[in-house]
Structure formats: structure tokens, C-alpha cells
Amino acid sequence: MINTIILAAGQGTRMNSKVSKVLHLVGNKVMLQHVIDASDSITDSIHIVIGHNSDSIQKVINNNTINWVYQKDQLGTGHAVQQALPNIKDGSICVILYGDVPLIKTSTLKILIEQAKNSDFSILTVIQKDPSGYGRIIRGPSQLIQSIIEHKDASESELKIDEINTGIMAIRGSLLKKYLNQIKPNNSQGELYLTDIVEKAVEDNVNITSLICDDSSEVMGINDKNNLAEAERAFQLRQVKGFMSNGLTIKDPSRFDCRGNFTFGNDCIIDTNVILEGDNEIGNNVTISSNCTLKNAKISDNTIILSNSIVEDSIIGTHSTIGPFARIRPGTNVGNHAKIGNFVEVKKSSIGNNSKVSHLSYIGDSSVGNDVNIGAGVITCNYDGVNKHQTVIEDGVFIGSNSQLVAPIKIGKYATIGAGSTITMDVPSEKLTLSRNKQTTISRWKRPKKK
Ligand code: UD1
Ligand code: CA
């Protein structure tokens with residue numbers, strides 16, 4: 001049996017934020033959730049030690065399979081783990097994780113647990129170029145771990161050691177309980193150090209094993225906004241490598257951000273500075289050009305989203321073109337072989353197959369049929385200042401440039417609207433309808449001259 005304890009009671013002062021440290025986001029997911037997700041599939045139970053901001057943490061995580069443990073005063077990592085001990089089974093392997101170390105991998109934890117099944121105690125360490133601030137791993141003559149010395153308690157020679165304690169460990173429940181009962185706050189910070197159980201285990205002749213983590217981003221702790229940005233980039237690079245391995249073409253992995261779930265077909269291309277949020281799905285042979293943001297978008301095969309476009313909570317069909325500079329707002333459904341061009345905003349509307357809205361338009365609360373051509377600068381006037389109204393444009397309609405369609409309104413099949421019209425009443429099928437002042441020319445008029 002595997003039990004997991006996640007420590008998350010600290011205040012996180014250096015974040016300079018009212019939001020709890022472990023609730024800050026990496027890839028748009030709270031850090032603590034990353035840790036839960038990394039351990040969920042390999043553990044039988046998760047116990048999270050909380051103190052500061054406990055209410056907000058429980059509210060955000062909102063998971064009733066988690067056992068919340070309250071640590072009233074933060075008296076050290078050893079004290080924090082002690083609070084969770086009543087829930088830990090003697091025969092189990094107990095894994096200790098941290099809410100502010102978000103990028104730990106499940107595969108690493110698996111190895112650590114396997115080691116602990118044999119040795120009863122296994123510690124995850126890492127070689128750090130700049131080990132300052134961390135607990136140092138002290139190894140004996142045969143390279144076996146003897147103890148962990150905190151930076152603040154270390155001697156000159158111990159400070160030179162570059163193998164540090166990540167804090168992450170796996171240990172037999174019975175031993176964890178035994179040694180945590182023996183530790184004392186005899187250190188410069190007057191805290192109960194979890195790390196002091198190492199010496200107790202050594203005295204007890206436990207053969208402590210270790211795993212040296214080869215990817216330091218996995219064990220990086222987040223203390224301030226600098227660390228948070230580093231973690232974000234590390235997370236993004238790890239994710240993008242996975243996407244590329246699965247065949248996605250990414251023009252520059254360092255200029256791509258996916259903050260959520262992303263599925264893609266074959267031969268898709270993502271150009272620079274694309275941001276994906278929420279759940280996005282693109283089919284085969286889809287191209288997303290530079291500077292686009294997609295949020296909960298579904299884009300079908302052979303469609304291209306041109307530069308500087310935003311697609312949110314919308315569905316785009318096959319062989320269609322969106323953008324450049326298009327804004328597709330929530331509730332939009334664009335059909336196949338359709339075109340939404342530059343400076344076009346579409347909201348809560350359906351656009352049929354082979355239909356085109358090529359330039360400078362606003363289409364809101366509308367149902368646009370197939371084979372419709374909407375000229376430049378056409379606006380659906382969907383809002384009367386109080387309520388929103390629907391516009392229905394049937395198949396084959398042609399709307400001349402710079403026309404306003406005052407909703408509620410219906411334009412019948414194959415109707416043509418003359419350019420510059422303000423249409424306020426329903427329009428019959430197949431006819432030309434226009435509303436326009438007659439053009440006049442004043443022949444005697446003279447252009448004024450400068451005095
Ligand atoms: C700890 C380790 C150090 C290791 C480092 C890795 C100890 C004594 N030291 O040091 O060897 O190199 O992590 O980052 O364990 N927490 C509680 N309750 C408490 C105290 C802490 O929940 O009473 C939580 C904090 O919220 C934090 C984590 O435990 O998530 C680590 O605590 P922190 O005070 O940051 O330990 P470090 O001094 O960094
Ligand atoms: Ca820390």
C-alpha cells in the first residue's frame with residue numbers, strides 16, 4: 001500500500017501575494033493540483049497538510065478523496081508530517097511531496113517507491129550547481145547516506161557539497177512514525193526537521209537508498225515569481241517535447257504556450273507565439289499562424305487560422321480560413337470551405353458552408369446559411385440598448401458592402417442587398433433590396449478657394 005503526504009501549510013511570503021503559494025498557476029493549473037496529479041495514479045491515499053489559507057486551498061482543490069490534515073502552527077517539516085501520521089499504515093510505503101514542488105514526474109516517484117519497497121527508505125536527491133539554501137546530503141565512506149544537514153546548520157566544508165535534498169522521499173510507515181517520535185528541534189531554526197529522521201534511521205542500521213534526479217526542473221521549489229516563471233517555461237518545454245514526439249510541427253518550442261488540454265491530428269503546424277487555453281482540438285493538416293490565441297476551440301481538417309486571430313469556445317469546419325486579425329467569440333460555429341477575413345468579429349453565430357465574411361464586419365447572434373457573401377463593413381445591429389435580437393440570413397444571399405441589418409430580421413434565400421443599405425424589415429427571397437438616398441450632382445457648385 002502507498003500513502004502520500006503533501007506538505008502545503010507554509011505561508012509563501014516571498015510570493016508577495018494574497019493568493020496561497022500552492023494555488024499559483026503553472027500551465028494554468030494550480031501547483032498543488034500538479035502534485036496531486038503526479039501522485040494520484042500510484043497512491044492509495046493522499047493526505048495534504050495545510051495551515052495558512054487552508055480554506056481557499058480546500059475550496060480550489062475541491063476533491064473529496066483527499067484527506068485534509070490541519071497544521072495549526074508551522075513548526076517545521078517534521079512537525080508537518082507528524083500531523084498526518086494517524087492516517088499512515090505501518091506496512092505502507094509513505095511518499096512525501098511538497099505543494100510548491102509542482103513538476104515532479106510520476107515515473108520518478110515510481111522508481112523511488114520501488115527502491116523503498118526493498119530498502120524501507122529512499123531519498124530523492126539532485127546535483128545542484130548552486131546548492132545554497134538547500135539541505136546537503138552527507139554520504140559516508142561507502143557512499144551511503146549518513147545524514148542531511150540544513151544550509152543554516154552546515155559547516156564550511158559541508159556547504160561545498162553540491163548534492164542536495166529535494167525533500168521528496170519514500171519510507172516505510174512504521175519507520176516514519178518511529179523516527180519522527182525521536183527527533184528534537186535542536187537546530188538553528190528551532191524547528192522539527194523531517195530531515196533529522198535520516199540520522200535516526202542510520203543509527204537503526206537502515207540501509208538508506210537514494211535516487212539522483214537527472215532533471216532538476218522536476219524538483220525545483222517555487223518560492224517567488226522568478227521561480228514561478230522558470231517553472232512555467234520548464235513545464236511548457238516538457239509538454240511541447242511530447243507534442244513534437246507525437247508529430248506536431250512547432251516552429252519555435254520556446255514561443256509556444258499550451259495551458260490546458262490539446263489534441264491534434266497529423267501534419268499540423270503551429271507558428272510562433274501561439275497560446276492555447278482550456279481544451280483545444282485540431283484535426284489533420286491544420287495550421288495555426290503566429291500570434292493566435294485559441295481557447296476551447298475545435299478546428300477541423302485542412303483549416304488555417306491566420307496570424308493574430310482569436311478563437312474562443314467555437315467550432316470551425318474543414319477547409320476554412322480564419323483571419324488574419326479575426327475574432328471568433330464564444331458560441332460560433334463556422335462551416336466547411338468558409339472564410340472569415342481580417343477585422344471580422346463573429347459572436348454566437350453560425351456561418352454556413354462556402355460562406356464568406358471577408359472584411360471589417362460584425363456578425364452577432366446570427367444564423368448565416370450556405371453560399372452567402374457578406375461584403376466589407378457589414379454590421380448586424382443585434383442590440384437595441386436593452387435586448388439582443390437574432391439575424392437570419394438564408395442560403396445564397398449577397399449583402400452589399402457597408403450595410404446594416406437591424407435585428408430582429410430575416411433575409412430570404414438568394415436575396416441581394418444593395419451596398420450601403422440600412423435594412424430594418426424582413427427581405428424577400430431572390431429580389432434586390434436596397435435603402436439608399438438617390439445620388440445627385442450639383443453642377444453649379446464651386447469648390448471654395450483659400451482667401
Ligand atoms: C526543506 C528541507 C531541505 C530541502 C528543501 C528542498 C527540511 C528541514 N529541509 O527546506 O533539506 O533541501 O526543503 O526544497 O525539511 N511546511 C509545512 N509546515 C511546516 C514547515 C514547512 O507544511 O511547519 C511545508 C512548506 O509549506 C513547504 C515545505 O514544507 O512546502 C518545505 O518547507 P520549507 O520551510 O520551505 O523547507 P526548506 O527550508 O526549504
Ligand atoms: Ca522551501
Side-chain angles (χ1 to χ4, degrees), residues 4-40 43 46-61 63 66 68-71 73-81 83-84 94-106 108-109 112 123-126 128 130-135 148 150-152 164-170 189 191-195 213 215-236 238 259:
T4 297
I5 300 175
I6 305 175
L7 303 190
Q11 191 164 14
T13 324
R14 282 173 285 169
M15 293 301 267
N16 275 312
S17 168
K18 288 205 169 72
V19 177
S20 163
K21 172 155 89 170
V22 297
L23 294 184
H24 280 78
L25 303 173
V26 172
N28 225 14
K29 178 157 92 178
V30 299
M31 289 202 280
L32 183 54
Q33 190 65 49
H34 279 275
V35 184
I36 294 169
D37 291 349
S39 51
D40 211 19
T43 194
I46 297 181
H47 311 271
I48 305 185
V49 182
I50 45 176
H52 287 281
N53 292 308
S54 54
D55 288 349
S56 63
I57 295 173
Q58 280 174 285
K59 211 166 167 186
V60 170
I61 299 296
N63 177 335
I66 284 167
W68 297 98
V69 179
Y70 190 68
Q71 186 194 24
D73 298 306
Q74 281 67 57
L75 306 176
T77 48
H79 181 259
V81 176
Q83 310 311 303
C94 184
V95 180
I96 297 180
L97 301 174
Y98 300 82
D100 58 352
V101 181
L103 299 185
I104 185 68
K105 284 185 196 156
T106 308
T108 302
L109 295 178
L112 197 71
I123 296 175
L124 186 65
T125 73
V126 70
Q128 203 83 302
D130 176 12
S132 87
Y134 292 102
I148 297 173
E150 288 307 295
H151 183 102
K152 286 177 182 154
I164 61 117
N165 173 34
T166 65
I168 294 171
M169 55 180 75
Q189 304 190 83
E191 288 184 355
L192 281 173
Y193 286 171
L194 174 61
T195 44
C213 190
D215 173 4
S216 63
S217 77
E218 269 192 70
V219 294
M220 79 185 276
I222 310 306
N223 294 317
D224 60 23
K225 298 287 169 74
N226 285 289
N227 301 148
L228 187 65
E230 264 176 65
E232 179 73 33
R233 205 52 9 229
F235 170 79
Q236 291 297 344
R238 184 191 289 182
R259 306 167 188 156

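Nothing here was measured: the structure is a model prediction, and the numbers come from that model.
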For this session: With sequence neighbours left out, write down each residue that passes salt bridge (Lys or Arg N to Asp or Glu O under 4.0 Å) with Lys225, or none if nothing qualifies.
Result: none
Exercise. How far apart are the C-alpha atoms of Val30 and Val22, what are their side-chain angles, what is the distance that settles it, and do they pass the side-chain contact (heavy atoms from CB on, under 4.5 Å) test?
Worked result: CA-CA 7 Å; Val30 299; Val22 297; over 6 Å; no
For this session: Output the distance between atom CG (Leu97) and atom OG (Ser39), rounded to the nearest 0.5 Å.
Result: 5.5 Å
For this session: With sequence neighbours left out, write down each residue that passes ring-ring contact (aromatic ring centres under 6.0 Å, His included) with His24, or none if nothing qualifies.
Result: none
Exercise. Can you tell me how far OG1 of Thr125 sits from CG of Asn165, rounded to the nearest 0.5 angstrom?
Worked result: 8.5 Å
Exercise. Looking only at heavy atoms, what is the nearest atom pair of Leu124 and Cys213, with distance?
Worked result: CD1-CB, 3.9 Å
For this session: Measure the spacing between CG of Leu23 and NZ of Lys18 and express it to the nearest 0.5 Å.
Result: 15.5 Å
Problem set entry | Residue from Ile168, Thr195, Ile148 passing side-chain contact (heavy atoms from CB on, under 4.5 Å) with Ile123 | Ile148
Problem set entry | Side-chain H-bond candidate by donor/acceptor type, Lys21 with Asn223, under 3.5 Å | yes
For this session: Ignoring hydrogens and angles, tell me if any N or O in the side chain of Asp73 forms a donor-acceptor pair with the backbone of Leu75 under 3.5 Å.
Result: no
For this session: Heavy atoms only: give me the nearest Ser20-Ile57 pair and the separation to one decimal.
Result: OG-CD1, 3.5 Å
Exercise. How long is the gap from CD on Gln58 to CG on Leu32, to the nearest 0.5 Å?
Worked result: 10.5 Å
Exercise. Hey, what do you get for CG (Asn227) to CE (Met15), rounding to the nearest 0.5 Å?
Worked result: 8.0 Å
Problem set entry | Test log, rule side-chain contact (heavy atoms from CB on, under 4.5 Å), inputs Ile6 and Ile48 | CA-CA 5 Å; Ile6 305 175; Ile48 305 185; 4.2 Å; yes
For this session: Might you work through the side-chain contact (heavy atoms from CB on, under 4.5 Å) test for Trp68 and Ser54, ending with a clear yes or no?
Result: CA-CA 9 Å; Trp68 297 98; Ser54 54; over 6 Å; no
Problem set entry | Set of residues satisfying salt bridge (Lys or Arg N to Asp or Glu O under 4.0 Å) with respect to Asp37, sequence neighbours excluded | Lys29
Problem set entry | Which atom of Ile5 lies closest to which atom of Cys94, heavy atoms considered | CD1-SG, 3.6 Å
Problem set entry | Backbone of Gly167 reached by a side-chain donor or acceptor of Tyr98 within 3.5 Å | yes
Exercise. Thr43 side chain to Asp40 main-chain N or O, any donor-acceptor pair under 3.5 Å?
Worked result: no
Exercise. Are the side chain of Glu150 and the backbone N or O of Tyr134 linked by a donor-acceptor pair below 3.5 Å?
Worked result: no
Problem set entry | Derivation and outcome, side-chain contact (heavy atoms from CB on, under 4.5 Å), residues Glu218 and Thr166 | CA-CA 10 Å; Glu218 269 192 70; Thr166 65; over 6 Å; no
Exercise. From Asn53 CG over to Gln11 CD, what is the distance, rounded to the nearest 0.5 angstrom?
Worked result: 7.5 Å
Seminar exercise, completed: Tightest non-hydrogen contact, residues Val101 and Gly221, listed as CG2-CA, 4.0 Å
Exercise. For Ala231 and Leu103, which heavy atoms make the closest approach, and how far apart are they?
Worked result: O-CD1, 3.5 Å
Exercise. Is it true that the side chains of Gln83 and His47 contain a donor and an acceptor less than 3.5 Å apart?
Worked result: no
Problem set entry | Asp215 versus Ser217, closest heavy-atom pair with distance | OD1-OG, 2.8 Å
Exercise. So do Leu7 and Val81 actually touch side chain to side chain, heavy atoms under 4.5 Å?
Worked result: yes
For this session: Examine distances only and state if a side-chain atom of Thr106 and a backbone atom of Ala38 form a donor-acceptor pair shorter than 3.5 Å.
Result: yes
